[in-house]
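Heavy atoms only: backbone and side chains are in, while hydrogens, waters and symmetry mates are out. Just follow the structure's listing: the first ligand is 1, and inside any ligand the first atom is 1.
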Amino acid sequence: MGTKGEQDFEAVVEFNTGSIKPPLWIARAGSACDKVGNMGKSFDIGLERLTGMGVGEDGQPQEGGVKPPLQDASGDLKIGPYLNAIETKSAQPGMAVPPGSTFYLETFGCQMNDHDSEKVAGVLLARGYRQVNGPEAAKVILYNTCSIREKAAQKVFSRLGELRPADEQHGKSFNTEDTEEEHRVHRDGRALEKNHPSQRKIVNAAGGKIIGVLGCVAQQEGEEIFERAPWVSLVCGSASYRKLPQLIAELEAGNRRVTGLDTDTDETFETEITRRDNPWRAYLTIIEGCDKACSYCVVPFTRGPERSRASASILEEIRQLAEAGYSEVQLLGQTVNSYADPSARKMRFSELLAAVAEVRGIRRVRFTTSHPRDFGKDIVEAIEAHPTICDHVHLPVQSGSTAVLRAMARTYSREEYLEKIALLKAARRPISITTDMIVGFPGETEKDFEETLSLLDEVQYDSVFAFKYSPRPNTPSLKMPDAIAEEEKGRRLAILMDRQREIQRVMNERLVGETFEVLVDGKSRRENQWSGHTSSNRVMNFTSPEQELLGDYVQVKVVSAMPNSLVGEMVGRTR
Ligand code: 5AD
Ligand code: SF4
C-alpha cells in the first residue's frame with residue numbers, strides 16, 4: 001500500500017471508533033455509584049506521549065516525534081471525537097442535577113493530565129454537573145493545562161483571550177472580524193496564537209460563567225493568571241486537586257476567586273469516582289510529582305514532590321476495574337518506576353507490576369514513564385514472568401551524548417543508559433523500546449547531536465518522541481550559555497526524525513508474516529476494516545469480516561508494514 005493509501009486508511013479508523021457501550025464508570029469502595037454510565041468513545045493516543053507532535057499538516061516535521069497515527073493531531077490537545085459522545089452524559093442516577101449546572105473541560109498535555117481530567121470530571125459529575133462538549137453551553141469552563149514546552153503553555157492564554165467578557169475589551173467589541181492583533185493576549189512581548197474556531201463564537205460570554213485554569217500553567221503562573229485574565233475565578237495546580245471539591249463549593253457559594261497552589265504536600269489526588277474516557281484501557285496514577293530535577297524540566301515545579309499511592313489501594317481499584325470490564329490498565333507516573341509504596345507492605349515497583357498482572361480479568365498491564373536511573377533487572381524479570389505485562393518499555397534518554405546528559409542532570413551516561421537497554425534486549429521475549437529525545441539543548445554541539453543519531457542506530461527504537469528544546473521558567477537550563485538557534489533546532493529535529501522513520505520502516509517490515517494479538521479499539525467506516533494495538537503498542541490496521549470486534553482480543557497476521565503502523569488480516573480470536 002502506498003503512502004496515500006496508508007493515510008486514508010488510518011484517518012478513517014481514527015475518527016470512526018464504533019458504537020460499543022461498555023461500562024465506563026467505576027466507583028471506588030464506599031461510593032454509592034457503580035457502572036452508572038456508558039459512552040461510545042474509543043480514542044487511543046497510541047504511545048501516549050501526550051506531548052509529541054510529529055509531522056504537521058503540511059507534511060513537514062514539527063516539534064515532536066515520529067508518532068503513532070492514532071495520536072491526536074496536535075499531540076498537545078486532547079479533544080476529539082469522544083467529546084461528542086459525552087455531550088449528554090449526566091450525573092449519577094437519582095442525583096438532582098441543578099438546572100444549568102454544566103461543565104466543559106478541555107485537556108492539554110500528557111497522559112497524567114488526561115487522567116487528572118478524568119478525576120476532575122468525576123468530582124464534578126458526582127456533584128450533579130453535566131458535561132458538555134463546548135464552552136458555549138457550559139456554566140463552568142475548565143482548562144487543564146500543560147507547561148512542559150512553551151507552545152503548550154501558550155495555548156491556554158489563547159483560550160482565555162477568547163472568553164474575555166465585553167467589559168474587559170476596553171470599549172472594543174471582540175469578534176472574529178477584528179484584526180489578528182486584537183485576538184491576541186500579549187505578555188512579555190510574546191504574541192499568543194489564536195485557534196480553535198469553535199471557541200470564537202463565545203466572545204463576551206464569560207459573564208455568569210465560572211472559568212478555571214487547572215494543571216501545570218495554573219501552578220506555574222499562579223495568581224498572575226487573575227491579572228492577565230481577570231475573568232478567571234479558579235486557579236488550581238495538580239498538587240492541590242484534592243482540594244477541588246472544596247474550591248468548587250466556594251465558587252458555588254459565590255466566592256469570586258479561589259486558588260489551590262500548594263505543592264508542599266505528601267498527598268495524592270484520589271476521588272470517589274473517576275469518569276474514564278477509554279472503555280477498555282484504564283489509566284491509574286500510582287506516583288505523582290517528580291524529585292528528579294532534570295535541568296530543562298518544569299515538572300518538579302508544577303507537580304510537586306514525588307508521592308506514591310499505597311499498593312493495597314492501587315490493587316483494590318484494579319480489581320474493581322477488572323470487575324467493571326476493563327481488561328487493560330496503564331500505571332502512570334512522571335517517573336513511574338520510582339514508585340515507593342508508602343504502606344507497611346513496602347512493595348517495590350516490580351512487585352506491584354507482578355501483583356497487578358495477577359489480578360483476575362486484567363489481560364494487559366502497561367506503565368509509563370520510566371526513568372533510566374531507577375530501571376533495574378527486576379522490572380525486566382517481572383515482564384518475563386508475567387505475559388500480561390506488555391512487551392513495551394518507554395525509557396526516555398533525552399540525548400545520546402554523555403556531555404549533554406550531564407548538563408541535563410539526567411544522572412546517567414550514554415554507557416549506563418545502554419546497560420539498561422542491554423537488560424531489555426536480553427529478555428526472554430522481545431520487548432519494544434521507545435524513548436523521548438530533546439534536540440538543541442544549550443551547548444549541544446554538532447558532535448553531540450551525531451551521538452544522539454548514533455544512539456538511534458544502536459538501540460533501534462520502535463518509536464521516538466523528539467522535541468526541540470524549549471526554555472522553561474525557573475529551570476536551571478534557562479541560564480545556560482550557548483543557546484541553539486530555533487532554525488538549527490528545527491534542522492536537527494528533521495534529521496533525527498528522518499533517521500528514525502527509516503529505522504522504523506525497516507524494523508516493521510521485518511514483522512511481515514508474523515501474527516500478533518491485538519486489542520481492537522477502532523472500527524473504520526470502510527467495511528471490514530479495524531484497528532487496534534499489539535502488546536508492544538504498535539498500531540495494527542487490519543481486515544476482518546466480523547460484525548463486532550471492539551474491545552475483543554484477536555490474532556492478526558501482518559501483511560504489510562509502514563513506519564508507524566502495521567497492516568494485517570485477522571486469523572483468529574483469543575479468548
Ligand atoms: N523542552 C523540550 N522538551 C522537553 N521535555 C521536557 N521538558 C522539555 C523542555 N523544556 C520533553 C522530554 C520529556 C517529555 C515528556 O518532554 O523529552 O521526556
Ligand atoms: Fe521532568 Fe526529569 Fe522529572 Fe521527567 S524525570 S518529569 S524530565 S524532571
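- Within the 4.0 Å heavy-atom criterion, neither part of P396 lies near ligand 2.
- Listed by chain and number, the residues in a side chain to side chain contact (heavy atoms under 4.5 Å, CB included) with A153 are S147, V217, R472 (sequence neighbours excluded).
- In the model, S399 has no side-chain atom that pairs as donor or acceptor with a side-chain atom of E444 under 3.5 Å.
- Heavy atoms from both the backbone and the side chain of Y296 come within less than 4.0 Å of ligand 1.
- Minimum interatomic distance between G237 and A218 (heavy atoms only, all atoms of both residues): N-CB, 4.1 Å.
- In the vicinity of P300, heavy-atom distances shorter than 4.0 Å reach the ligand 2 atoms 8 (S).
- Counting the atoms of ligand 2 from 1 in the order shown, those under 4.0 Å from a heavy atom of C290 are 3 (Fe), 5 (S), 6 (S), 8 (S).
- Between atom 1 (Fe) of ligand 2 and C294 there is no N/O/S contact shorter than 2.8 Å.
- Defined by atom type and a distance below 3.5 Å, a donor-acceptor pair is missing between the side-chain atoms of K420 and S370.
- Those atoms of ligand 1 that come under 4.0 Å of a heavy atom in Q398, given as number and element, are 12 (C), 13 (C), 17 (O), 18 (O).
- Neither side chain, S238 nor D116, offers a donor N or O lying under 3.5 Å from an acceptor on the other.
- Note on ring orientation: taking the six-membered ring where Trp is involved, the planes of H115 and Y283 are tilted (angle from 30° to 60°).
- Nearest approach of V518 to G532, heavy atoms of both residues: CG1-CA, 3.6 Å.
- Ligand 2 places these atoms under 4.0 Å from at least one heavy atom of H371: 5 (S).
- Close approach to R149 involves these atoms of ligand 1, each under 4.0 Å from a residue heavy atom: 1 (N), 2 (C), 3 (N), 4 (C), 5 (N), 11 (C), 16 (O).
- Taking the six-membered ring for Trp and thresholds of 30 and 60 degrees, Y461 and Y417 have ring planes inclined between 30 and 60 degrees apart.
- Atoms of ligand 2 lying under 4.0 Å from at least one heavy atom of T335, given by number and element, are 5 (S).
- Under 4.0 Å from ligand 1, heavy atoms of I148 appear from its side chain as well as its backbone.
- The single protein non-hydrogen atom nearest to atom 1 (Fe) of ligand 2 is C297 SG, 2.2 Å, given as residue, atom name and distance.
- The Y469 neighbourhood of ligand 1 comprises atoms 1 (N), 2 (C), with distances under 4.0 Å to a heavy atom of that residue.
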**Request:** Given salt bridge (charged side-chain N to carboxylate O under 4.0 Å, His left out), test E502 with R505 step by step and report yes or no.
**Result:** CA-CA 5 Å; E502 182 56 15; R505 191 188 62 74; 2.7 Å; yes
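- Residue K468 touches ligand 1 through its backbone alone, judged by heavy-atom distances below 4.0 Å.
- Under a 4.0 Å criterion applied to the non-hydrogen atoms of R410, ligand 2 contributes the atoms 2 (Fe), 5 (S), 7 (S).
- Between E488 and R492 there is a salt bridge, since at least one side-chain N of the basic residue sits less than 4.0 Å from a carboxylate O of the acidic one.
- Ring geometry for Y296 against F441 counts as perpendicular: the plane angle is over 60°, on a 0 to 90° scale with 30° as the lower cut.
- In terms of polar-atom proximity, S470 is counted as a contact of ligand 1, with an N or O under 3.5 Å from an N or O of the ligand.
- Per-residue contacts place Y296 under 4.0 angstrom from the following atoms of ligand 2 (heavy atoms of the residue considered): 7 (S).
- The N/O atoms of R472, backbone and side chain alike, include none that comes under 3.5 Å of an N/O atom in ligand 1.
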